[in-house]
Every structure is written in structure tokens, then in C-alpha cells.
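Quick notes on the structure that follows.
Because the structure is a prediction, the values reported are computed rather than measured.
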Amino acid sequence: MNIYFARTKAGHDKNQIYFILREEGEFVYLINGTTKPLDKAKKKNRKHIQMIKNLPEEIVSIIENGITNESVKRAIKLYQTERDRQI
């Protein structure tokens, strides 16, 4: 299973980080564990996101232990903390 995050490039949620739950053709289904939980994934056109493929191992391990709203929230928060530290 490939584990990817995405940054939205368009829409009212521009620049938000999401976990890509699944892909179907031109669309992806995004979750963040809070406003978009597992049971209400956001359907977004693939051309309106930027995929984030190179994730640190600690983030990947959080998701690999099970996809829950809590684990996705924790992984996104950790990713944003790491990204902010590098800037």
C-alpha cells in the first residue's frame, strides 16, 4: 500500500494537507481526521492537488499501524511540524 499525503492547490481548502485514502481515475478521496473523517472523505480532482510522496519513516509507521481518524490527525500534525522546522 502506497502512503501519500496531498496539499490542495485549489478550492476553499487551498494549501491544506490531507491523507490520500484512495484513488479512482481522475479523482482522489482525501481525509484529515477532523473536518474530513474516514466516513466522509473529500472527493477532489487529481489536478487540484500536489502529491507528497517522500514521507519520513515515523509518519509512514503511524499510518501503517492502522488508518483511523486519530492516526491520520497525528501523522498530519507530525508532518506539518517537521515541515515547519525545515523552513
Side-chain angles (χ1 to χ4, degrees):
M1 176 177 134
N2 294 327
I3 296 175
Y4 299 129
F5 280 0
R7 183 184 62 81
T8 55
K9 299 190 299 184
H12 71 279
D13 61 346
K14 185 176 181 179
N15 292 323
Q16 294 294 311
I17 304 294
Y18 290 96
F19 172 71
I20 299 177
L21 185 61
R22 68 180 188 274
E23 304 175 47
E24 290 180 3
E26 291 298 311
F27 294 97
V28 292
Y29 291 84
L30 308 172
I31 61 172
N32 66 3
T34 55
T35 57
K36 293 298 174 189
L38 272 168
D39 59 341
K40 293 184 180 176
K42 178 178 186 68
K43 182 179 178 182
K44 191 116 174 141
N45 193 311
R46 185 184 297 269
K47 67 183 177 182
H48 294 152
I49 65 163
Q50 177 183 0
M51 290 183 79
I52 302 168
K53 295 182 179 181
N54 296 326
L55 296 171
E57 185 59 39
E58 58 190 318
I59 292 173
V60 172
S61 67
I62 291 171
I63 300 295
E64 284 178 339
N65 287 334
I67 299 173
T68 64
N69 289 324
E70 288 300 316
S71 66
V72 171
K73 278 195 293 192
R74 192 171 345 115
I76 289 173
K77 186 173 184 175
L78 183 61
Y79 174 78
Q80 290 173 326
T81 303
E82 290 293 319
R83 183 189 65 191
D84 291 346
R85 201 176 302 157
Q86 293 175 356
I87 294 176

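- Leu78 and Leu55 fall within a single hydrophobic cluster, where Ile, Leu, Val, Met, Phe, Trp and Tyr are joined by side-chain heavy atoms under 4.5 Å apart, directly or via other members.
- Considering only residues two or more places apart in sequence or on other chains, Tyr79 meets the ring-ring contact (aromatic ring centres under 6.0 Å, His included) condition with Phe5.
- Atoms CD1 and CD1, on Ile31 and Ile76 in that order, are 7.5 Å from each other to the nearest 0.5 Å.
- Both Ile59 and Leu21 belong to a single network of hydrophobic side chains, linked directly or stepwise wherever heavy atoms of I, L, V, M, F, W or Y lie under 4.5 Å apart.
- A continuous path of hydrophobic side-chain contacts links Val72 to Ile52 [ILVMFWY only; heavy atoms under 4.5 Å].
- Checking side-chain atoms of Arg46 against main-chain N and O of Val28 turns up no donor-acceptor pair under 3.5 Å.
- One N or O on the side chain of Thr8 and one on the backbone of Asn15 form a donor-acceptor pair closer than 3.5 Å.
- No side-chain heavy atom of Gln16 sits under 4.5 Å from any side-chain heavy atom of Asn32.
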Run the side-chain donor-acceptor check on residues 60-67: report pairs under 3.5 Å with partners two or more places apart or on a different chain.
from: Ser61; atom 1: OG; to: Glu57; atom 2: O; distance (Å): 3.4
from: Ser61; atom 1: OG; to: Glu58; atom 2: O; distance (Å): 2.8
from: Asn65; atom 1: ND2; to: Ser61; atom 2: O; distance (Å): 3.2

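- Remark: Met51 CE to Arg7 CZ distance equals 13.5 Å, nearest 0.5 Å.
- The pair Lys36-Asp13 does not count as a salt bridge, with every side-chain nitrogen at least 4.0 angstrom from each carboxylate oxygen.
- Atom CD1 of Ile20 sits about 12.5 Å away from atom CZ of Arg22, to the nearest 0.5 Å.
- With respect to Lys43 and Glu24, no salt bridge is recorded, no charged nitrogen being found less than 4.0 Å from a carboxylate O.
- By the 6.0 Å contact criterion, NZ on Lys77 is open, its count of non-hydrogen atoms from other residues, nucleotides or ligands being 12 or less.
- To the nearest 0.5 Å, atoms OG1 (Thr34) and NZ (Lys73) are separated by 6.5 Å.
- Across every non-hydrogen atom of Lys9 and Lys14, the tightest pair is O-CE, 3.6 Å.
- Considering CD1 of Ile17 and CZ of Arg83, their distance stands at 5.0 Å, rounded to 0.5 Å.
- Between atom CG of residue Leu30 and atom CZ of residue Phe19 there is a gap of 10.0 Å, rounded to the nearest 0.5 Å.
- Using a 4.5 Å heavy-atom cutoff, the side chains of Lys44 and Tyr18 are not in contact.
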